[in-house]
Amino acid sequence: MKITALLVLKSTGDGSESVFLANASDVSHFGYFQRSSVKEFIVFVGRTVANRTPQGQRQSVQHEEYKVHAYNRNGLCAVGFMDDHYPVRSAFSLLNQVLDEYQKSFGESWRTVQEDSTQTWPYLNDALVKFQDPAEADKLMRIQRELDETKIILHKTIDSVLARGEKLDSLVEKSSDLSAASQMFYKQAKKTNQCCTIL
């Protein structure tokens, strides 16, 4: 999963060309002689996709193994170039965060911009690095990964208790926490399941 570029554009949809407000790209995984062409391609495709994304909408465009995701929020448009394996929900969550940060940093000043900006915005470069891991952009994905890790730890813990030679049967017998009915249910279920074992 790789993010190649993040762009912020003014795209009002009034027929005028989209204007670059900020951009950050990492083309280091391309060959040295391809990098300038890739950057030009990113600018061209980014502007084209922003022009064709209506206000208040999101869209994804696929080209070979890459996807270009765009989110136009009231004329302020974020565009991300990701590989095909980057989750869509994480991509749009990232674009939403980029737009929030841009508006926090610059307010409504973007509305008066008439030509492409060459000024760098450090947040965008940092975001390009930080959000290479989709879980950073998507809180639900991060929580799911933490739950999966917890489940693995729990399985290891139960296995380690059983590996010390203690059998679950003896633990049930010794447990004062289980009522007599629960112990009887466990024993009855075990007997019932023994007759159904397929060898």
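Quick caveat, the model's predicted, so the values are computed rather than measured.
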About how many Å separate CH2 of Trp110 and SG of Cys77, when rounded to the nearest 0.5 Å? 10.0 Å
All heavy atoms of His69 vs all of Val88, minimum pair found to be CE1-CG2, 4.0 Å
Can we say Asp83 and Lys2 salt-bridge, meaning some charged N sits less than 4.0 Å from an Asp/Glu carboxylate O? no
Any donor-acceptor pair under 3.5 Å linking the side chain of Ser117 with the backbone of Ala22? no
For Tyr102 against Leu76, the heavy-atom pair lying closest together: CD2-CD2, 3.9 Å
Measuring from Ser11:OG to Asn74:CG, what's the distance to the nearest 0.5 Å? 11.5 Å
Taking the basic N atoms (NZ, or NE/NH1/NH2) and the acidic carboxylate oxygens, is any pair closer than 4.0 Å for Asp116 and Lys10? no
side-chain hydrogen bond (donor to acceptor under 3.5 Å, both in side chains), paired with Asn96, selected from Glu101, Arg73, Arg58: Arg73
Per the side-chain hydrogen bond (donor to acceptor under 3.5 Å, both in side chains) rule, what does the pair list look like for residues 28-41, sequence neighbours excluded? Asp26-Ser28
Nearest 0.5 angstrom please: Arg111 CZ to Leu21 CG, how far? 11.0 Å
Taking all non-hydrogen atoms of both residues into account, name the closest pair between Thr53 and Ala70 and its distance. OG1-CB, 3.6 Å
Separation of Ser16 OG from Asn51 CG (nearest 0.5 Å): 8.0 Å
Just how far is it from atom NZ of Lys67 to atom CG of Asp84, taken to the nearest 0.5 Å? 5.0 Å
Connected-component partners of Ile42 among ILVMFWY, side-chain separation under 4.5 Å: Leu7, Leu9, Phe20, Val27, Phe30, Val38, Phe41, Val43, Phe44, Val45, Val49, Val61, Tyr66, Val68, Val79, Phe81
Got more than 12 heavy atoms from elsewhere within 6.0 Å of CD, Glu115? no
Throw together a table of side-chain donor-acceptor distances under 3.5 angstrom for residues 121-129, partners on residues two or more places apart or in other chains.
none

Student check: side-chain heavy atoms of Gln114 and Val19 closer than 4.5 Å: no
